[in-house]
Trainee: 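I have a structure here, written as structure tokens, and I will follow up with some questions on it.
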Amino acid sequence: MYDHEKIESKWQKKWEESGIFHTPNHSDKPKYYSLVMFPYPSGTLHVGHVKNYTIGDVVSRYKRMRGYNVMNPFGYDSFGLPAENAAIAHGNIHPEDWTRSNIETIRNQIKKLGISYDWDRETITFEESYYKWTQWIFLKLYERGLAYKKSGPVNWCPSCKTVLANEQVVDGKCERCGTPVVIKQLDQWYFKITNYAEELDAFIDKLTGWPDNVKIMQRNWIGKSIGAEVTFKIKESGKTLKIFTTRPDTLWGVTFMAVAPESPLLSELTSISKQNEVEEFLTKINSTENRFERFSADAPKEGVFLGTHAINPVNGEEIPIYVANYILYEYGTGAIMAVPAHDARDYAFAKKYSLPIREVVEGGNQLPYDGDGILKNSGPFSGMKNREAMDKIIAYLEEKKIGKRTVNYKLRDWLISRQRYWGAPIPIVYCDKCGIVPVPEKDLPVRLPRDVKFDPTGRSPLSYDERFLHTTCPKCGGPAIRESDTMDTFVDSSWYYLRYVNPKEKDRPFIKEDVDEWLPVDQYIGGVEHAILHLLYSRFITKVLRDGGYLSFDEPFKNLFTQGMIYKDGAKMSKSKGNVVSPDEMVEKYGADTLRLYILFMGPPEKDAEWLESGIEGVYRFIVKLWNLFEFILPLIEKSTETKRDLSDEEYEIRRKVHMTLKKITNDIEGDFRFNTVVSGFMELVNIFSDYVKSTPEKDLNVGLLNEFAHKLVPCLSPFIPHLAEELWEMMGEKPFVANAEWPSYDEDAIKPRKIEVALMVNGKVRSRIVIDAGLSEDEIRKIALNDDKIKGILNGKNPKKVFVASGNVVNIVV
RNA sequence: GCGAGGGUGGCGGAAUUGGCAGACGCGCUGGACUUAGGAUCCAGUGGAUAAAACCGUGUGGGUUCAAGUCCCACCUCUCGCACCA
């Protein structure tokens with residue numbers, strides 16, 4: 001009887017006692033760093049997590065069997081809003097206690113899944129020993145001018161009561177809670193990720209092991225565009241107005257200018273007579289009902305003439321300046337030159353306010369036309385192809401000192417302050433005399449006090465804690481006030497994969513030599529939801545640390561795999577919908593091996609999949625079938641004295657299938673993680689042997705064949721169903737652990753068939769089948785095919801036009 | 001609107017890259033064993049048909065001895081970005 005509970009607890013204990021999954025930092029073996037995205041311990045794990053960790057575990061165990069020194073660590077992203085909110089929701093229990101108890105639970109859940117983590121490397125981001133170094137990273141950025149404080153418009157979530165980074169705002173709503181975000185003017189800390197925009201964009205090309213969709217998302221987010229900055233003079237004031245354009249070739253088609261409503265230039269560009277009208281317009285578009293829809297692409301284009309004019313530097317024309325709702329303050333210079341003939345938005349605006357439209361690119365059959373063509377009405381550049389003229393026009397602007405080549409990015413700096421309790425305090429103090437002073441490295445960590453009222457109020461809870469707040473200035477020794485905001489959790493998670501290398505290190509975040517040896521991560525596995533946030537931040541922090549001399553590689557993650565989600569009843573699992581599948585229940589009912597195998601069997605791992613109870617039952621049946629098969633054949637192998645026996649044709653074919661399956665599953669793992677077909681390969685093979693054993697009298701069974709099958713199959717099962725594989729391995733009389741066994745090799749010779757079945761087709765339709773010896777020449781096959789009775793009947797004496805023999809097992813006769 | 005990836009039985013999904021479509025699993029049908037079956041085992045299962053011929057990979061065309069796979073046009077779904085000048 002297959003008893004999963006007994007087998008699984010037995011081997012989990014043995015693995016733990018023997019410490020076989022502890023990875024030394026240095027080894028003769030080649031290294032392999034396998035990493036899964038660590039969880040927020042804001043509750044218990046669901047089967048979606050199990051999918052992530054199972055894929056990671058299969059990879060780790062497979063690579064271990066392939067002779068690598070595999071690091072497979074685990075940790076908890078345990079600071080931040082989710083944990084804090086959950087703690088508050090559960091009756092104001094302290095976030096630390098809440099999080100710790102969740103970590104306990106999760107750790108136990110994972111141990112029951114038989115994941116081969118090196119628990120000595122476990123890392124918890126809220127612990128002082130970790131966040132001390134998160135603060136250290138802040139200081140390193142500060143030293144290099146990459147951490148700065150500025151006042152400006154920020155995204156504020158009224159429900160979470162904190163600011164959010166741009167990356168955390170989705171469709172104008174808070175990424176976490178879905179509350180519409182409002183814009184506030186606040187003094188906040190930023191990381192200057194824009195300094196790395198160029199490299200973050202350029203190095204995407206080097207991420208050959210990343211899925212394309214993630215790379216495209218990062219590229220879009222960074223939003224690099226090449227163009228020119230052009231300076232227009234203001235006729236009335238004599239001052240200048242700079243704009244950014246990607247289409248300097250259309251400069252001669254400019255018929256008006258437009259500035260963003262938020263632009264600080266607005267007041268000086270507004271003539272006295274227009275002030276009231278402009279005020280009214282601003283009030284209107286900032287009203288609550290218009291505030292969000294204004295930023296949608298299909299909002300109507302609206303604006304007001306400011307009463308002033310710009311002078312087009314290339315042709316001296318006077319053009320009116322407008323304020324317009326479709327101009328984004330944060331992009332470019334917050335002002336544009338408008339070319340209605342060649343831009344749909346400018347066109348709509350021009351139509352609405354009856355502004356002139358001048359075509360300068362010939363090509364399209366209607367306006368607006370934003371494609372390529374021949375320039376006209378464009379002074380010295382008329383008659384040229386617009387693409388070719390582009391460079392010449394920029395050179396012309398530079399020569400006349402009215403413009404220059406410019407690169408623009410959509411990426412904006414990373415806002416890292418949070419007005420919440422559960423995070424790493426920003427290590428800064430404010431001194432009346434010295435101003436902003438960073439906390440010296442020797443004084444780290446700046447401890448997060450435990451006893452504070454941490455309910456969200458809109459201000460950091462630390463700002464009410466007098467004992468935390470008051471300190472002395474590290475520079476002058478005078479009284480000083482601590483920064484009370486904490487850091488975004490994404491700062492914590494942007495370097496955890498480095499800490500895993502030296503998790504216990506006291507004097508530094510990690511040891512350079514070790515990190516340089518282990519990194520980059522060979523395989524990173526997680527959800528697509530982190531395609532921009534976490535993955536972009538981690539790339540950024542890696543580059544910052546590299547430039548600070550703390551590590552020597554450019555990119556943290558060599559290969560990335562994004563697994564699909566598991567749905568239930570057509571929806572994402574959530575507590576509120578009551579459709580969460582608990583791994584504990586499944587482990588109890590079917591065992592961890594079955595759960596793991598089912599999750600891998602559900603479909604291609606990168607695709608979303610629907611959880612079906614009947615599906616896991618099917619996999620459980622397979623496991624039992626496998627168990628029963630081995631219970632039957634192992635005693636036969638044990639008591640057999642038979643040494644070697646020639647294989648019958650049937651046995652040869654079965655053995656061939658063993659080696660073919662071995663080859664197939666090895667390819668499927670090495671290829672694109674096609675674990676679903678690996679599992680079906682196991683099933684097929686077990687079916688074949690079950691049938692063989694059932695249909696053959698016991699005395700006629702080829703024990704050598706059974707023995708080979710067992711010794712080839714069980715190690716292959718080990719990464720997938722590790723507990724059962726260990727148990728079978730032991731039952732076979734082998735020494736533990738099969739987890740340390742070598743990945744079985746296959747014999748190419750055994751894959752060569754003795755006999756092959758050939759499909760005989762006439763005009764592409766199968767009309768007959770014959771079995772022939774393998775290795776016949778095409779001519780011989782052709783002859784046999786034409787001699788086949790059924791074929792002869794169909795040909796009825798006629799001569800075929802042509803006979804194709806394809807890949808040895810298909811013959812097509814054309815008549 | 002722009003970008004990416006998909007459309008194969010009742011369902012999840014396979015198909016040495018142009019060579020016998022539907023592997024494997026679920027579900028379903030029939031049978032066996034049973035007091036019982038939502039357990040297990042056996043057989044069957046793309047559609048249509050008494051059976052064969054026949055029809056079948058979103059649609060229409062094309063290339064080829066041969067197309068799920070290649071080419072052209074279209075329909076449709078999912079995801080991401082979305083006034084980025």
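Excluded from the calculations below are hydrogen atoms, water molecules and symmetry mates; all remaining heavy atoms, backbone and side chain alike, are included. Proteins come first, then strands; the chains are lettered A, B, ... in the order of their sequence lines, and each starts at number 1.
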Trainee: Can you identify which nucleotide, out of B:C20, B:C83, B:G13, has its nearest atom closest to the A:K607 side chain?
Mentor: B:G13

Trainee: So, is A:N812 close to the B:C20 phosphate, meaning a side-chain N or O under 4.0 Å from OP1 or OP2?
Mentor: no

Trainee: For A:D298, answer base if it contacts any base atom (sugar-phosphate contacts may also be present), sugar-phosphate if it contacts only those atoms, and nothing otherwise; contact means non-hydrogen atoms under 4.0 Å.
Mentor: nothing

Trainee: In whole angstroms, how far is the C1' atom of B:C54 from the CG atom of A:N763?
Mentor: 16 Å

Trainee: Quick one: CG on A:L533 to CD on A:E167, what's the gap to the nearest 0.5 Å?
Mentor: 6.0 Å

Trainee: Base, sugar-phosphate, or nothing for A:I243, non-hydrogen atoms under 4.0 angstrom?
Mentor: nothing

Trainee: Looking only at the side chain of A:S614 (C-beta and beyond, no hydrogens), which of the listed nucleotides B:C26, B:C83, B:G13 gets closest?
Mentor: B:C26

Trainee: When you get a sec, tell me which of B:C83, B:A85, B:C55 is the closest nucleotide to the side chain of A:N325?
Mentor: B:C83

Trainee: Out of B:C65, B:C83, B:C24, which nucleotide sits closest to the side chain of A:M683?
Mentor: B:C24

Trainee: B:C81 and B:G12: how far apart are their P atoms, nearest whole angstrom?
Mentor: 26 Å

Trainee: Are any side-chain N or O atoms of A:T406 and backbone N or O atoms of A:E229, one a donor and one an acceptor, separated by less than 3.5 Å?
Mentor: yes

Trainee: When you get a sec, tell me which of B:G13, B:G25, B:C20 is the closest nucleotide to the side chain of A:N687?
Mentor: B:G25

Trainee: Please name the residue in the list A:D668, A:T666, A:N667 that meets the side-chain hydrogen bond (donor to acceptor under 3.5 Å, both in side chains) test with A:K664.
Mentor: A:D668

Trainee: Tabulate protein N/O versus nucleotide N/O from nucleotides 8-11 of chain B, keeping only pairs under 3.5 Å, one per line.
Mentor:
none

Trainee: Choose from B:A85, B:C20, B:C24 the nucleotide whose nearest atom is closest to any side-chain atom of A:N809.
Mentor: B:C20

Trainee: So if I take every side-chain heavy atom of A:R674 and compare against B:C20, B:C65, B:A15, which nucleotide ends up nearest?
Mentor: B:A15

Trainee: How is A:R219 classified with respect to the nucleic acid when contacts are heavy atoms under 4.0 Å: base, sugar-phosphate, or nothing?
Mentor: nothing

Trainee: If you compare every side-chain N and O of A:S680 against the phosphate oxygens of B:G13 (OP1, OP2), does one of them come in below 4.0 Å?
Mentor: no

Trainee: Can you say whether the rings of A:Y692 and A:F689 are parallel (under 30°), tilted (30 to 60°) or perpendicular (over 60°)?
Mentor: perpendicular

Trainee: Which whole number of Å gives the distance between the P atom of B:G68 and that of B:G60?
Mentor: 14 Å

Trainee: When you measure from the side chain of A:F601, which nucleotide among B:C24, B:A82, B:C20 comes out closest?
Mentor: B:C24

Trainee: For a quick check of understanding: with a heavy-atom distance under 4.0 Å over all strands, which category does A:D346 fall into, base, sugar-phosphate or nothing?
Mentor: nothing

Trainee: Please measure how far the P atom in B:C20 lies from the corresponding atom in B:G13, and state the result in whole Å.
Mentor: 23 Å

Trainee: Return the polar atom pairs (N/O with N/O) between nucleotides 39-41 of chain B and the protein under 3.5 Å, or none.
Mentor:
none

Trainee: With rounding to the closest Å, how many angstrom separate the C1' atoms on B:C2 and B:C24?
Mentor: 40 Å

Trainee: With heavy atoms under 4.0 Å as the rule, sort A:A299 into base, sugar-phosphate or nothing.
Mentor: base

Trainee: Rounded to the nearest Å, what distance is computed from the OH atom of residue A:Y409 to the P atom of nucleotide B:A85?
Mentor: 13 Å

Trainee: Describe, in one word, how the ring planes of A:Y620 and A:Y2 are oriented to each other, choosing from parallel (under 30°), tilted (30 to 60°) and perpendicular (over 60°).
Mentor: tilted

Trainee: B:G60: syn or anti, with syn meaning chi within 90° of zero?
Mentor: anti

Trainee: Let me see the working for A:Y567 and A:N579 under side-chain hydrogen bond (donor to acceptor under 3.5 Å, both in side chains), right down to the final yes or no.
Mentor: CA-CA 9 Å; A:Y567 288 87; A:N579 62 348; over 6 Å; no

Trainee: Can you give the dot-bracket line for RNA chain B, where a pair is Watson-Crick or G-U wobble with both atom distances under 3.5 Å, crossing pairs use [ ], and | marks a partner on another strand?
Mentor: (((((((..(((......[....)))((((((.......))))))((......))..(((((..]....))))))))))))....

Trainee: Nearest heavy atom decides the nucleotide; on that basis, is A:D691 or A:P300 closer to the 5' end of RNA chain B?
Mentor: A:D691

Trainee: Using whole Å, report how far CG of A:L533 lies from C1' of B:G80.
Mentor: 13 Å

Trainee: Nearest 0.5 Å, please: how far is CG in A:L266 from CG in A:L306?
Mentor: 5.5 Å

Trainee: If you assign each of A:E684 and A:A609 to its closest nucleotide in RNA chain B, which residue comes earlier from the 5' end?
Mentor: A:A609

Trainee: What distance separates A:Y746 OH from A:K663 NZ, expressed to the nearest 0.5 Å?
Mentor: 5.0 Å

Trainee: Looking only at heavy atoms, which two atoms of A:V619 and A:T594 are closest? And how far apart?
Mentor: CG1-O, 3.8 Å

Trainee: Report which part of the nucleic acid A:G223 touches: base, sugar-phosphate, or nothing (heavy-atom distance under 4.0 Å, all strands).
Mentor: nothing

Trainee: For the P atoms, the ones on B:A50 and on B:U59, what distance do you get once it is rounded to whole angstrom?
Mentor: 26 Å

Trainee: Ring of A:F804 versus six-membered ring of B:C65: centres under 5.5 Å and planes under 30°?
Mentor: yes

Trainee: What's A:K410 touching, base or sugar-phosphate or nothing? Going by heavy atoms closer than 4.0 Å.
Mentor: base

Trainee: In whole angstroms, how far is the C1' atom of B:A82 from the NZ atom of A:K301?
Mentor: 11 Å

Trainee: Nearest whole Å is fine: how far is B:C24 P from A:Y620 OH?
Mentor: 23 Å

Trainee: Considering non-hydrogen atoms only, spot the tightest contact between A:K752 and A:D749 and give its length.
Mentor: NZ-OD1, 3.0 Å

Trainee: Would you kindly give the NZ-to-C1' distance between A:K765 and B:C65, to the nearest whole Å?
Mentor: 14 Å

Trainee: Applying a 4.0 Å non-hydrogen cut-off, can you work out what A:K801 is touching in the nucleic acid: base, sugar-phosphate, or nothing?
Mentor: nothing

Trainee: With a sphere of 6.0 Å drawn around NZ of A:K352, does it hold more than 12 non-hydrogen atoms of other residues, nucleotides or ligands?
Mentor: yes

Trainee: Using a 4.0 Å heavy-atom cut-off across all strands, classify A:K215 as base, sugar-phosphate, or nothing.
Mentor: nothing

Trainee: Can you figure out which of B:C20, B:C83, B:G19 approaches the side chain of A:A759 most closely?
Mentor: B:C20

Trainee: Measuring from A:N628:CG to A:R621:CZ, what's the distance to the nearest 0.5 Å?
Mentor: 13.5 Å

Trainee: Syn or anti for B:U76, taking syn as within 90° of 0?
Mentor: anti

Trainee: Quick one: does A:N809's side chain have a donor or acceptor within less than 3.5 Å of a partner on A:E757's backbone?
Mentor: no

Trainee: Can you find a donor-acceptor N/O pair under 3.5 angstrom joining the side chain of A:N220 to the base of B:C81?
Mentor: no

Trainee: Would you mind reading off the distance between A:I532 atom CD1 and B:C79 atom C1', rounded to a whole angstrom?
Mentor: 13 Å

Trainee: Measuring from the side chain of A:I216 (C-beta onward, heavy atoms only), which nucleotide among B:A53, B:C20, B:A4 has the closest atom?
Mentor: B:A4

Trainee: Using the P atom on both, measure B:U76 against B:C70 and round to a whole Å.
Mentor: 22 Å

Trainee: Can you say whether the rings of A:F256 and A:Y322 are parallel (under 30°), tilted (30 to 60°) or perpendicular (over 60°)?
Mentor: perpendicular

Trainee: Please work out whether the ring planes of A:F673 and A:F561 are parallel, tilted or perpendicular, with thresholds of 30° and 60°.
Mentor: tilted

Trainee: Distance check, rounded to the nearest 0.5 Å: A:E317 atom CD versus A:L251 atom CG?
Mentor: 11.0 Å

